Q: 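Starting off with a structure, shown below.
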Amino acid sequence: MRIATWNINGLKARLELLKLWLEERQPDVVGLQELKTPTAEFPHEVFKALGYHALVHGQKSWNGVAILSKEPATHLQTGLPGEDEMGSRLITAMVGDLEFSTVYCPNGKTLEHEDYGRKLKWFESLKAHWQEKARGDHAVMCGDFNIVPDPKDSWQGNTADGEIFHTEAERTRYQALLGTGLIDLFRHHAPDDQAFSWWDYRGGAFHRRHGLRIDLILGTSPVTTRLASASIDREYRKKRGELTASDHAPVIVDLK
DNA sequence: ATGGCTCTCGCGGAGAGA
């Protein structure tokens, strides 16, 4: 079973590249973030033609998440309880025996901005939500977490510690989420690799390897026993002909 | 030291992203 997460930075802008990627990589389940599209405008027929069902929690202009799956999924949760004012950032479904949740975590903007405190609170809500719900043994939470888990996950290494995305306060909340029983599957598979999932559009960051690993697939312990491989699909961070890329690459995990 | 690019909305230029 192939699962994946991808912040596509606008569904309409990325639709043709997303279709190419689905056809080439053939994931069984995908969490998408930053649709920037209202739920009612989601083009279900485009994905149906490629063999995918979709569950969508959209919004005009910003945010928005969706789950694509080859087999029909059973919807479990739309939106993070108590955090509606933060926008459309969570959707969860059962796909076969796997509980699959995808999240678009708040950015926070700057340490001084009021959104930073809201980001920290949102993570506390996410942890509480994940902890209080009864979970199946096999559960995955994937998405754009907007936190660099470890200095190794930043091109700047530990020199970025203390900056937004790299603060103790953010990392403490991320660790608390893991404390509910989640494991970073890429890191579990490749303990020593430095690999990034996001590169700034500006300044040739991608080619200079100035990136961050902020797009993660977390899984419960039973999921790690099924882990066959984990990778970041850098090829799809590249422009393809006239098709522009997102600033995020897809992350892919294969389960036995 | 700063901004460097791309997206959305909507028709000019601003806000957001990370």
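Please read these numbers as outputs of a predicted model, since none were measured by experiment. Chain A is the first sequence line, chain B the second, and so forth, proteins listed ahead of strands; every chain is numbered from 1. Heavy-atom basis, side chains included; hydrogens, waters and symmetry copies ignored.
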Q: Would you kindly give the NE2-to-C1' distance between A:H113 and B:dA18, to the nearest whole Å?
A: 14 Å

Q: Within this structure, what is the NZ-to-P distance between A:K239 and B:dT6, rounded to whole angstrom?
A: 8 Å

Q: Starting at CG of A:L35 and ending at P of B:dT8, how long is that distance when rounded to a whole Å?
A: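 Distance check: A:L35 CG to B:dT8 P gives 11 Å.
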
Q: B:dG17 P sits how many Å from A:Q33 CD, rounded?
A: 14 Å

Q: I'd like to know if A:R171 and A:D161 make a salt bridge, using a cut-off of under 4.0 Å between side-chain N and carboxylate O.
A: yes

Q: For a quick check of understanding: with a heavy-atom distance under 4.0 Å over all strands, which category does A:I164 fall into, base, sugar-phosphate or nothing?
A: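 Counting heavy atoms under 4.0 Å across all strands, no contact is made by A:I164.
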
Q: Measuring only the P atom in each nucleotide, how far is B:dG4 from B:dG15? A whole number of Å is fine.
A: 15 Å

Q: A:R202 side chain N/O closer than 4.0 Å to the phosphate oxygens (OP1, OP2) of B:dA18?
A: no

Q: Work out how far the C1' atom of B:dT8 is from that of B:dG12, and round it to whole angstrom.
A: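 Their C1' atoms lie roughly 13 Å apart.
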
Q: Expressed in angstrom and rounded to an integer, what is the separation of A:D115 atom CG from B:dA16 atom C1'?
A: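 These atoms are roughly 10 Å apart.
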
Q: Quick one: is A:K109 getting a side-chain N or O under 4.0 Å of the B:dG17 phosphate, OP1 or OP2?
A: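 So the side chain of A:K109 is within the cut-off, an N or O lying under 4.0 Å from OP1 or OP2 of B:dG17.
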
Q: OP1 or OP2 of B:dA18 versus the side-chain N and O atoms of A:H248: is any pair under 4.0 Å?
A: yes

Q: What's the gap between B:dA14 and B:dA1 when it is taken at their C1' atoms, as a whole Å value?
A: 24 Å

Q: Which part of the nucleic acid does A:Y104 contact within heavy-atom distance under 4.0 Å: base, sugar-phosphate only, or nothing?
A: sugar-phosphate

Q: Which residue, A:D144, A:L212, A:N9, A:I232, forms the side chain to side chain contact (heavy atoms under 4.5 Å, CB included) with A:H248?
A: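 Single pass found, and it is A:D144.
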
Q: Is the backbone N or O of A:S88 less than 3.5 Å from a side-chain atom of A:Y104, with the two atoms forming a donor-acceptor pair by type?
A: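 It does not hold such a pair.
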
Q: Does B:dA18 pair with anything, Watson-Crick or G-U wobble, both distances under 3.5 Å, and if so, with which nucleotide?
A: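 WC or wobble partner does not exist here.
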
Q: For B:dC7, does OP1 or OP2 lie under 4.0 Å from any side-chain N or O of A:N9?
A: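 Negative; the distance criterion is not met.
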
Q: What class does the angle between the rings of A:Y174 and A:F145 fall in, given that below 30° is parallel, 30 to 60° is tilted and above 60° is perpendicular?
A: perpendicular

Q: Remember a base hit wins even if backbone is also touched, and classify A:N146 as base, sugar-phosphate or nothing at under 4.0 Å, heavy atoms.
A: sugar-phosphate

Q: Would you say a side-chain N or O of A:T244 is under 4.0 Å from OP1 or OP2 of B:dC7?
A: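 So the side chain of A:T244 is within the cut-off, an N or O lying under 4.0 Å from OP1 or OP2 of B:dC7.
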
Q: Regarding A:K121 and A:E83, does a basic nitrogen lie under 4.0 Å from an acidic carboxylate oxygen?
A: yes

Q: Any side-chain N or O of A:Y201 less than 4.0 Å from the OP1 or OP2 oxygen of B:dG3?
A: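 Looking at the OP1 and OP2 atoms of B:dG3, neither is under 4.0 Å from any side-chain N or O of A:Y201.
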
Q: Side chain of A:N107, base of B:dA18: donor and acceptor closer than 3.5 Å?
A: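 Checked by distance alone, the answer is yes.
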
Q: One thing to verify: whether A:K12 and A:E41 come together as a salt bridge, which I'm taking to mean a side-chain N less than 4.0 angstrom from a carboxylate O.
A: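 Looking at A:E41 and A:K12, the cut-off is met.
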
Q: What distance, rounded to whole Å, do you find between the two C1' atoms, one in B:dC11 and one in B:dC7?
A: 16 Å

Q: Measure the distance from CD1 on A:I8 to P on B:dT6 and round it to the nearest whole Å.
A: 17 Å

Q: Expressed in angstrom and rounded to an integer, what is the separation of A:R89 atom CZ from B:dA16 atom C1'?
A: 11 Å

Q: Count the heavy atoms of every other residue, nucleotide or ligand shown that sit under 6.0 Å from CD of A:E242, and state whether that count exceeds 12.
A: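 Not buried by this count: 12 neighbours or fewer within 6.0 Å.
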
Q: Specify the residue among A:E34 and A:S61 whose closest nucleotide of DNA chain B lies further upstream toward the 5′ end.
A: A:S61

Q: For B:dG13 and B:dT2, measure between their P atoms and round to the nearest Å.
A: 25 Å

Q: If you look at every strand shown and take non-hydrogen atoms under 4.0 Å, does A:R14 touch a base, only sugar-phosphate, or nothing?
A: sugar-phosphate

Q: Once you apply a heavy-atom cut-off of 4.0 Å, does A:D215 come out as touching a base, just sugar-phosphate, or nothing?
A: nothing

Q: Rounded to the Å, how far apart are A:L243 CG and B:dC7 C1'?
A: 16 Å

Q: Let me know, please, whether A:D247 or A:K60 comes out on the 5' side of the other along DNA chain B by nearest nucleotide.
A: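 With A:D247 and A:K60 compared, the 5'-side residue is A:K60.
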
